[in-house]
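The sequence lines fix the lettering, A, B, ..., with proteins before strands; numbering per chain opens at 1.
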Amino acid sequence: MDPLALARWQFAITTVYHFFFVPLTLGLSVMVAIMETIYVRTGNETYKRMTKFWGKLFMINFAMGVVTGIVQEFQFGMNWSEYSRFMGDIFGAPLAIEALLAFFLESTFLGVWIFGWNRLSKGMHAAAIWLVAIASNLSAVWILIANSFMQQPVGYALENGRAVMTDFYALVTNPNIFYQFPHTVLSGFTTAAFFVLGISAYHILRKNEADLFKRSFRMAAVVGVISVALLIFNGHSQGQHMVQIQPMKTAAAEALWETEDPASFSLLTITDLSLRKEVFSIRIPKLLSLLSFNKLEGEVRGLNDLQAEFEQKYGPGNYIPPVAIPYWAFRIMVGLGFLMAAAAVVAIFLTYRNAFEKRAGLLRFFPLLILAPYLANTAGWTLTEVGRYPWVVYGLITLEDSVSQVVTGGMLLVSLIGYILVYSLLIFATVYLIRKYALAGPEPAVIETDDPVEPKPSLMGAQG
Amino acid sequence: MDLNITWFVLIAVLYIGFFVLEGFDFGVGILLPILGKKDVERRAIINTIGPHWDGNEVWLLTAGGATFAAFPQWYATMFSGFYLPLFLLLLALIVRGVAFEFRSQDDNPRWRATWDWAIFIGSLLAALLLGVAFTNLGRGVPIDANMQYAGGFFNLLNWYAVLGGVVSVLIFTLHGAIFLTMKTSDDLSKRAQRLANRLWLPTLIALVLFTVGTYFQTDILSDKGFPLGVMPLVAVVAVLLAGVFQRSGRQGWAFTMTSTGIAASIITLFTIMFPRVMISSLNPEWSLTIYNAASSQYTLRTMTIVALIFVPIVLAYQGWSYWKFRKRVRATPEDLVY
């Protein structure tokens, strides 16, 4: 077996899997923190029960994000050791800082939050979940600083065949981070919004805890509509940035083989990969130029031109990504983005007119839409990472030069099978639990009496 | 101050933090099916580390990240060279971590039993593998002229390293038993105490054998001489004292002594290695050192500033969280509901 192919599959599978859990953590942590803050400020018990209900789902998801994240941190050294040698000077720093600034904070205060309901004052307890939310989003900053370097290397020099850091400030203010960080965090908020919308819709339809779930639905509708709207604008500027820094990725995402000015946007393109040209295409004239430069003209360079330029610059080789993957990934991401935008507007409409009962038919779509952000997140990262092919760090080091030399195909195969087996079992357990708690709804409201309530044995299940 | 030495010391400190803290988590995990007879007792045992285990594990992540940032060649050589043990370690840490969070989320006894075994096996395997891997770091492994690991999986399974793994399991289990004596109450605490008393002698004997092995299998005496060569004995004395304190009912001191023993073992390892970070058993010239494996001075300086600011903050709030949860956990349903 080819070690490089196996290492790539392993990275793709473990990273996509890890990122099933991360976006929900980013968004839901903040939403739970808002719920608890409202509870602390108003004393309204419904918000306390909301906090606990959504907090429980948050915890299950968070645990999976944590344990699958360890693999990510080790994988660079295990499977991509030559990359680590070449890039450690720069890439290791944000990873270490992420652990020191963010992982300690989120893990410590999540523990405090889970076990601290009766030990901390209300305000302190709410502060704990805010710290978790801030830390989770802070970890996104640092890992995306690392990824931004891979997209757009800055603040470095080449010395003795290794990249060394020359400007830490340039590294953390990489222009790419200003597009990528908002995009990732807004995706997280969108994921959380649709998660809450879907589960709330399910219960509203069944008239179960309608008050609590209508409040949840309302909050999620607001978070959702703002996030998706910003996400679309931000995605547009990110696309324009991509044309500048990685024209090859843009050309691949558009299956644009020949340079065009003004450039057309592809609705459907079928390509003959061996001839490196399109055989069939429906295109909207000028639209790609408009999207890229906000005007009806402007040259967008095609794959063949870029290949020729790269060969001249970096020597012979194939510099064209596997076009079909970024092409479709881009369309899935954008398509789902607009679908979610429409759905978020519908959600606002339902809330605003209090039309939950009258328009029950519309509510029925929301549980299904929980999947939409997951697919869009996966497609987005697929575009970002596959579109950078064959580079691991754009223009600096290729996949082939990055893979570990001493790790054999057999070892990679064993570990790949191991991860797939364990991850499959865990996803069953996770979906089972999230489904179980989501469908069960919140714990019944406790009626305050003078006698201490005897906890039922079933409450044992509510431990962290 | 030499920044390369600073980072060597800092990484040692991170591993000390990890092994002292996560050490009792491993021990608690190993003792879970042994001490926890009833479901409520097992829940109480997990709750002693419930708020902390994840934060403790971050010490490992930070140590890994710091190695990557400060000594990328060390990170690359070690992680690709110790491939299969690290892969197994990852699986162990994954199932164990998920199990802590998932086991009580369902009432089904088979569900709970499955996760309890995952905690036991994950903790045992992680303790064993880390012991084997770190012992090999001190003994030296085949490293070629290009900084690449030139051995196989079985080079790592020599008798000295396996003994190191066994010592690691025993000392963490003892550490965990003493921790449980302090953090649980009533009958459970008494059973933990009895178990700690019984574990102590085998642990001490294994540690003594291992320490003898250290003098023969590593170059600590020839390379470091006196007084640094005495370092391995500190761990032996600490574990000896742990038993004395444990038997006289002074658990706080016993726990301090097992912590000291674990810390002394890590200090021993880093003493043996210095100034090397991967000792080549093929040719001393091919060893990775804190100089040829390091990042640029610029990176080291930047990271030093970051570490100086944030390590004290982390220590402060982690300490605060231990203080907040210092009370014993009682194995009664009312106490376990939050």
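Counting only heavy atoms from C-beta outward, the side chains of Val58(B) and Glu106(A) never approach each other to under 4.5 Å. Annotation: side chain of Phe74(A) is in contact with side chain of Leu60(B) (closest heavy-atom distance under 4.5 Å). In this structure, Gln75(A) and Leu90(B) have side chains that are not in contact, with every pair of non-hydrogen atoms separated by 4.5 Å or more. Within the 4.5 Å cutoff, no side-chain heavy atoms of Val314(B) are placed close to those of Phe103(A). The shortest distance between side-chain heavy atoms of Tyr298(B) and Asp167(A) falls below 4.5 Å.
Side-chain polar atoms of Ser296(B) and Arg162(A) form no donor-acceptor pair below 3.5 angstrom. A side-chain N or O of Asp106(B) and one of Tyr432(A) form a donor-acceptor pair less than 3.5 Å apart. If you check the side chains of Lys56(A) and Gln105(B), you find a donor sitting under 3.5 Å from an acceptor. Counted by atom type alone, Tyr83(B) and Ser415(A) present one or more donor-acceptor pairs between their side chains at under 3.5 Å.
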Criterion side-chain contact (heavy atoms from CB on, under 4.5 Å) on Thr299(B) and Ile90(A), from CA distance to verdict: CA-CA 7 Å; Thr299(B) 298; Ile90(A) 299 155; 5.8 Å; no
Test log, rule side-chain contact (heavy atoms from CB on, under 4.5 Å), inputs Ile94(B) and Leu426(A): CA-CA 10 Å; Ile94(B) 289 171; Leu426(A) 290 181; 3.5 Å; yes
Candidate pair Arg119(A) and Lys327(B), rule side-chain contact (heavy atoms from CB on, under 4.5 Å), full reasoning: CA-CA 11 Å; Arg119(A) 293 186 195 219; Lys327(B) 277 209 302 205; 4.1 Å; yes
Step-by-step ring pair (Phe, Tyr, Trp, His ring centres under 6.0 Å) determination, Tyr419(A) to Phe87(B): CA-CA 9 Å; Tyr419(A) 288 128; Phe87(B) 161 66; 5.2 Å; yes
Pair Ile60(A)-Glu101(B), side-chain contact (heavy atoms from CB on, under 4.5 Å): steps then yes or no: CA-CA 7 Å; Ile60(A) 295 167; Glu101(B) 304 300 324; over 6 Å; no
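With a 4.5 Å cut-off on non-hydrogen atoms, Met78(B) does not touch chain A at all. With a 4.5 angstrom heavy-atom cutoff, Leu93(B) touches chain A via backbone and side-chain atoms both. In this structure, chain B has a heavy atom under 4.5 Å from the backbone of Thr166(A), while its side chain stays farther away. Contact of Glu82(A) with chain B is made through the side chain alone, with heavy-atom distances under 4.5 Å. Proximity to chain B involves both the backbone and the side chain of Val71(A), based on heavy atoms less than 4.5 angstrom apart. There is no contact between Trp74(B) and chain A, counting heavy-atom distances below 4.5 Å. There is no contact between Ala293(B) and chain A, counting heavy-atom distances below 4.5 Å. Both the backbone and the side chain of Phe325(B) have a heavy atom closer than 4.5 Å to some heavy atom of chain A. Neither the backbone nor the side chain of Thr67(B) comes within less than 4.5 Å of any heavy atom in chain A. Contact annotation for Leu433(A): only side-chain heavy atoms (C-beta onward) come within less than 4.5 Å of a heavy atom of chain B. Using a 4.5 Å cut-off between heavy atoms, Val112(A) contacts chain B through both its backbone and its side chain. Heavy atoms closer than 4.5 Å to chain B are found nowhere in Leu110(A), neither backbone nor side chain. Heavy-atom distances place both the backbone and the side chain of Leu86(B) under 4.5 Å from chain A. Heavy-atom distances place both the backbone and the side chain of Thr62(B) under 4.5 Å from chain A. Using a 4.5 Å cut-off between heavy atoms, Val306(B) contacts chain A through both its backbone and its side chain.
Among Ala63(A), Gly69(A), Ala93(A), Ser404(A), the residue making the largest number of heavy-atom pairs under 4.5 Å with chain B is Ala93(A). Chain B forms the most heavy-atom pairs under 4.5 Å with one residue out of Met87(A), Lys436(A), Glu98(A), and that residue is Lys436(A). The residue among Arg85(A), Glu73(A), Glu159(A) with the most heavy atom pairs within less than 4.5 Å of chain B is Arg85(A). Each of Leu425(A), Thr408(A), Leu120(A) has some count of heavy-atom pairs under 4.5 Å with chain B, and the biggest count is that of Leu120(A). In terms of non-hydrogen atom pairs under 4.5 Å with chain A, the most contact-rich of Ala150(B), Gly97(B), Ala307(B), Gly50(B) is Gly50(B). The candidate with the highest count of non-hydrogen atom pairs below 4.5 Å against chain A, out of Pro72(B), Ala76(B), Ala63(B), Ala66(B), is Ala76(B). Per-residue counts of heavy-atom pairs under 4.5 Å with chain A were compared for Tyr149(B), Trp53(B), Phe153(B), Trp111(B); the largest is that of Trp111(B). Of the listed residues (Thr68(A), Val406(A), Leu412(A)), the one with the most heavy-atom contacts under 4.5 Å to chain B is Val406(A). With chain A as partner, the option from Gly81(B), Gly65(B), Ser321(B) having the largest number of non-hydrogen pairs under 4.5 angstrom is Gly65(B).
Without hydrogens or angle criteria, Tyr317(B) side chain to Leu105(A) main chain gives a donor-acceptor distance under 3.5 Å.
More than 12 heavy atoms of other residues, nucleotides or ligands shown are found within 6.0 angstrom of CH2 on Trp320(B). Taking a 6.0 Å sphere around CH2 of Trp130(A), one finds it holds more than 12 heavy atoms contributed by other residues, nucleotides or ligands. For Arg326(B), the CZ atom is densely surrounded, since the number of other residues' heavy atoms within 6.0 Å is greater than 12.
Note that CD of Gln405(A) and CG of Asp144(B) are 9.0 Å apart. Values are rounded to the nearest 0.5 Å. One distance of note links OG of Ser84(A) with CD of Gln73(B); it measures 9.5 Å at 0.5 Å rounding. The distance from atom CE of Met165(A) to atom CE of Met303(B), rounded to the nearest 0.5 Å, is 7.5 Å. With values rounded to the nearest 0.5 angstrom, Phe109(A) atom CZ is found 9.5 Å from Gln318(B) atom CD.
Contacts of residues 8-16 of chain B with chain A at a heavy-atom distance below 4.5 Å are absent; not one residue qualifies.
Ring planes of Phe68(B) and Phe76(A): tilted class, angle from 30 to 60°.
The heavy-atom pair separating Thr108(A) from Gly55(B) by the smallest distance is OG1-CA, 4.4 Å. Among all heavy-atom pairs drawn from Tyr75(B) and Gly77(A), the shortest one is OH-N, 3.0 Å.
Not counting sequence neighbours, Trp142(A) has no partner by the side chain to side chain donor-acceptor pair (under 3.5 Å) test.
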